[in-house]
Amino acid sequence: MRTITFDIDRFDGSRSWTQSYSFEHDPAHTVLSCLIAIKEKQDPTLNFTASCRSAICGSCAVRVNGNAVLACDTKLDSVLKQWGSDRLQISPLGNFTVLSDLVVDWSPKIERLRTARTGLKARKEFTAETGCQQTPAEFARIQKQWDCILCGCCASECNKLTDDRRDFLEPFVYTHANRYAQDSRSAEPMLHVREMLGRGLWKCLHCMECVTKCPKQIAPAADISAMRALAYANGVTDGKGPRHAAAFRTDLENTGRLNEVRLVPRTEGLIDAATGRMSFTFRMLKSGKLSTREATKLYFVDNSPIEGLDGLRKIIRYRRAK
Amino acid sequence: MNRKYAFFPGCVLDGAAHEARMATEAVAGRIGVELVEIPGWSCCGASQTQDVDPEAALAANARNLALAEKMGLDVLTACSTCALMLRTARQTLMNGRMADVNEALATADLEYKGTAEVSHILWLLADTIQDWAPMVKTPLSKLQVASFYGCHTVRPPKVMGYENHLAPHSMEAIITACGAKPVLIPDRLKCCGFHAVFPAEQTAHRLTASAADNARKNGADCLLTPCPLCHMQLDMYQPDAREDTGKGGETPVLHLTQLVGLALGIEHEKLGLSKHIVSTDALLAKC
């Protein structure tokens, strides 16, 4: 008999411990059906949430060996193969407050979701009589975001949230904000973006954990990027984040290559860069990563233009015009 | 080994991480991989340009791919973010954007058909261990090395997809082939913070300090990364991270190709080992 063991992180409100449960391997099992079998046959005190068992309700997300999965949508065999072991650690989602065993507290997360101002404020031409129609192409721009089932997987291993959740939101919040910001029927797309700008929109680390973990193949990092671009196009160009990103675009069109020496003053402003980055600059020069001559050339002259720069400019401008 | 690639160095290999270019070219030359630099390659956007101008980012990378395809070669890069940007662009083109982006490329007499693929030096080295391991002249048996994969080396797996993104082993296989001992640290698959070092500086510093500190606490002589941007963050900003967090001690950081170069017996000067912020002297004394 092949035996599978789940080491489950338990919590009873005051005490934490890990409890092991072993059971016979069954290729038909999902992670959720294993948890249900444990609760029914071995330990009725084990707490977890689950409802639809069809990857629709989003309530059964847990971590397997530290990585979030939707338990009902994850075949046991797939995780056994992935980890090359018949023993798995089952934990509650990361970056959530644990209430009991694998049950996490969604109340504060829903409050944070409210900051995205979810809900469509329709454009004036729409009426109750004519409706709020949009073309298939317009719907396609927000279709993926509508798939979000609020399971929390995207937030569990987000590196920024793990470090500090005071100045960043759960990735699904940005996805929901972008869902309304990109909706062709919206009277005020920037309403949602503005709220996110003040809540960490430019602080995403690009760690790609959210994109990797979403069981619905939504890309919250792309939603963050799309809202940044929308904000920039609407004139919100100040701040370290937008200035930093814009510097790359400027260099792309100026010479085709990044000018590393101008990047910091462009991002932080000349005075802040000169005062705050002095020791950094000194160590770059001392290590030979940068020579004084090279730095002077880059700052006052720029990189030499790449071969075919005119072609690159034509391609970019053609795409933009489209 | 006899392989040839269209080489995409990326901006940092021509700038602050020039030593990574030196090491990449030295190792490639030693193991029989010919790197032909793509003429007129442009910045990939570095996971930044798309935030202000997504069409410019896509167009620039479509052009990079078209230039490589014109050479009749697959692309090889030594930067994980460059690899992610190029592979993302390729995936976008292959999934319905080919025709309209080719309209733009036509304005510069270019076309991308989708034949040129994009690979990473890590993947090449991992796939060819059996070819270059016999060339190891200086087994690094006294070195303990903590791998730091870098987010964009493995994530998102639908774009990168070389190996199991949750439990990769390519770095450890290469470390072992070099004769060194792999050390697993909790930060192995974490973010270094580089892409948000300006808007989220404190977070970036804490992540950097954690990786450096955990490597040292676990007995590693150095961190090893296949991404020059992770290297810049972990090495160049390590003094700032140390100062901000109070986590003491210095941890040298090597580029993947520097470690392989050391094992292959390539001279230290050719690997740019003196061009680091955190000194590699103590580490080199063990080689």
Side-chain angles (χ1 to χ4, degrees), chain A residues 65 67 82-84 159-160 163-164 167-168 200 202-209 211-212 217 219 225-226 228-229 232 239-242 244-249 251-253 256-258 260 267-268 279-280 283-284 287-290 306-312 314-316 318-320 322, chain B residues 11-12 14-18 39-43 45-56 58-60 62-63 67 100-101 103-105 107-110 151-152 155-158 164-167 190-191 193 195-196 198-200 202-204 206-207 236-237 239-240 274-277:
Chain A
N65 286 3
N67 288 277
Q82 192 154 39
W83 292 102
N159 279 217
K160 179 67 188 81
D163 175 70
D164 188 354
D167 60 358
F168 197 66
W202 283 95
K203 290 182 187 291
C204 165
L205 302 174
H206 305 216
C207 74
M208 296 292 155
E209 283 285 13
V211 181
T212 302
Q217 289 80 49
S225 183
R228 288 173 173 181
Y232 197 86
K240 289 180 183 178
H244 191 63
F248 282 84
R249 181 179 70 169
D251 286 342
L252 186 63
E253 288 194 87
R257 302 267 166 87
L258 173 67
E260 287 178 330
T267 302
E268 299 192 309
S279 62
F280 177 83
R283 79 173 84 109
M284 292 290 283
S287 68
K289 275 192 173 288
L290 189 66
I306 58 166
E307 185 182 328
L309 178 63
D310 284 346
L312 172 63
K314 277 185 199 167
I315 293 166
I316 290 174
Y318 186 89
R319 277 300 332 146
R320 250 186 229 141
K322 283 271 175 178
Chain B
C11 299
V12 295
D14 270 354
H18 185 61
W41 61 268
S42 77
C43 174
S47 196
Q48 297 289 335
T49 304
Q50 79 286 344
D51 288 349
V52 293
D53 195 341
E55 284 302 317
L58 176 63
R63 175 182 171 274
L67 289 171
D100 66 314
V101 174
E103 266 183 39
L105 291 176
T107 63
D109 298 323
L110 287 169
C151 302
H152 296 172
R155 290 189 295 269
K158 284 209 163 82
N164 180 346
H165 64 284
L166 298 177
K190 298 283 186 207
C191 181
H195 289 292
F198 292 103
Q202 297 305 309
T203 291
R206 284 191 287 268
L207 293 170
M236 283 172 14
Y237 288 100
D240 302 311
S274 62
K275 291 181 181 295
H276 288 212
I277 298 298

Of the backbone (N, CA, C, O) and the side chain (C-beta and beyond), which part of B:H18 lies under 4.5 Å from a heavy atom of chain A, both, or neither?
neither

Geometric class of the B:F198/A:H244 ring pair [parallel <30°, tilted 30-60°, perpendicular >60°]
tilted

Tell me, for A:E209 versus chain B, whether the close heavy atoms (under 4.5 Å) come from the side chain, the backbone, both or neither.
both

Tightest non-hydrogen contact, residues A:I306 and B:S42, listed as CD1-CB, 3.9 Å

Would you say B:L166 and A:Q82 make side-chain contact, with heavy atoms under 4.5 Å?
yes

CE of A:M208 to NE2 of B:H165, rounded to nearest 0.5 Å, is 13.5 Å

Best-contacting candidate, B:A59, B:G45, B:A108, against chain A by heavy atom pairs under 4.5 angstrom:
B:A59

Measuring heavy-atom distances to chain A, does B:L110 have an atom under 4.5 Å in its side chain, in its backbone, in both, or in neither?
side chain

Atom CZ of A:R249 and atom CG of B:D51: how far apart are they, to the nearest 0.5 Å?
11.5 Å

At a 4.5 Å cut-off on heavy atoms, which part of B:D100 comes close to chain A: side chain, backbone, both, or neither?
both

All heavy atoms of A:M284 vs all of B:A16, minimum pair found to be CE-CB, 3.8 Å

Any sub-3.5 Å donor-acceptor pair from B:Q50's side-chain atoms to A:S225's backbone N or O?
no

Compare every heavy atom of B:P54 with every heavy atom of A:A229, then report the nearest pair and how far apart it is.
CB-CD, 4.0 Å

At a heavy-atom distance under 4.5 Å, which candidate from B:E103, B:H152, B:K158 has the highest pair count against chain A?
B:E103

Heavy-atom closest pair, residues A:P242 and B:V52:
O-CG1, 4.2 Å

Could you go through the side chain to side chain contact (heavy atoms under 4.5 Å, CB included) check for B:D53 and A:L252 one step at a time?
CA-CA 11 Å; B:D53 195 341; A:L252 186 63; over 6 Å; no

Are the side chain of A:H206 and the backbone of B:S47 linked by a donor-acceptor contact shorter than 3.5 Å?
yes

Interatomic spacing from CG in B:N164 to CH2 in A:W83 - rounded to 0.5 Å:
7.0 Å

Check this for me, if you would: do A:K322 and B:E55 make a salt bridge, where the nitrogen-to-carboxylate-oxygen distance has to be below 4.0 angstrom?
no

Quick one: list whatever passes side-chain contact (heavy atoms from CB on, under 4.5 Å) with A:A219, sequence neighbours left out.
A:V211, A:A222

Give, as side chain, backbone, both or neither, the part of A:F248 having an atom under 4.5 angstrom from any heavy atom of chain B.
both

Heavy-atom pairs under 4.5 Å with chain B - which of A:D167, A:L312, A:L258, A:N65 has more of them than the others?
A:L312

For the interface with chain B, which of A:K203, A:R257, A:E253 has the highest count of heavy-atom pairs at distances below 4.5 Å?
A:R257

Sort out for me which of B:P156, B:A200, B:P39 touches chain A most, counting heavy-atom pairs under 4.5 Å.
B:P156

Heavy-atom pairs under 4.5 Å with chain A: which of B:A62, B:G193, B:P199 has the most?
B:P199

From A:I315 CD1 over to B:T107 OG1, what is the distance, rounded to the nearest 0.5 angstrom?
5.0 Å

Of B:K190, B:Q202, B:R206, which meets side chain to side chain donor-acceptor pair (under 3.5 Å) against A:D163?
B:R206

Just wondering, do B:P239 and A:R283 contact through their side chains at under 4.5 Å, heavy atoms?
yes

By side-chain contact (heavy atoms from CB on, under 4.5 Å) - contacts of B:C191 (at least two apart):
A:N159, A:L205, A:C207, B:C151, B:L207

Please round to the nearest 0.5 Å and tell me the distance separating atom OG of B:S274 and atom NZ of A:K289.
10.0 Å

If you tally heavy-atom pairs under 4.5 Å between each of B:T203, B:L67, B:T49 and chain A, the highest tally belongs to B:T203

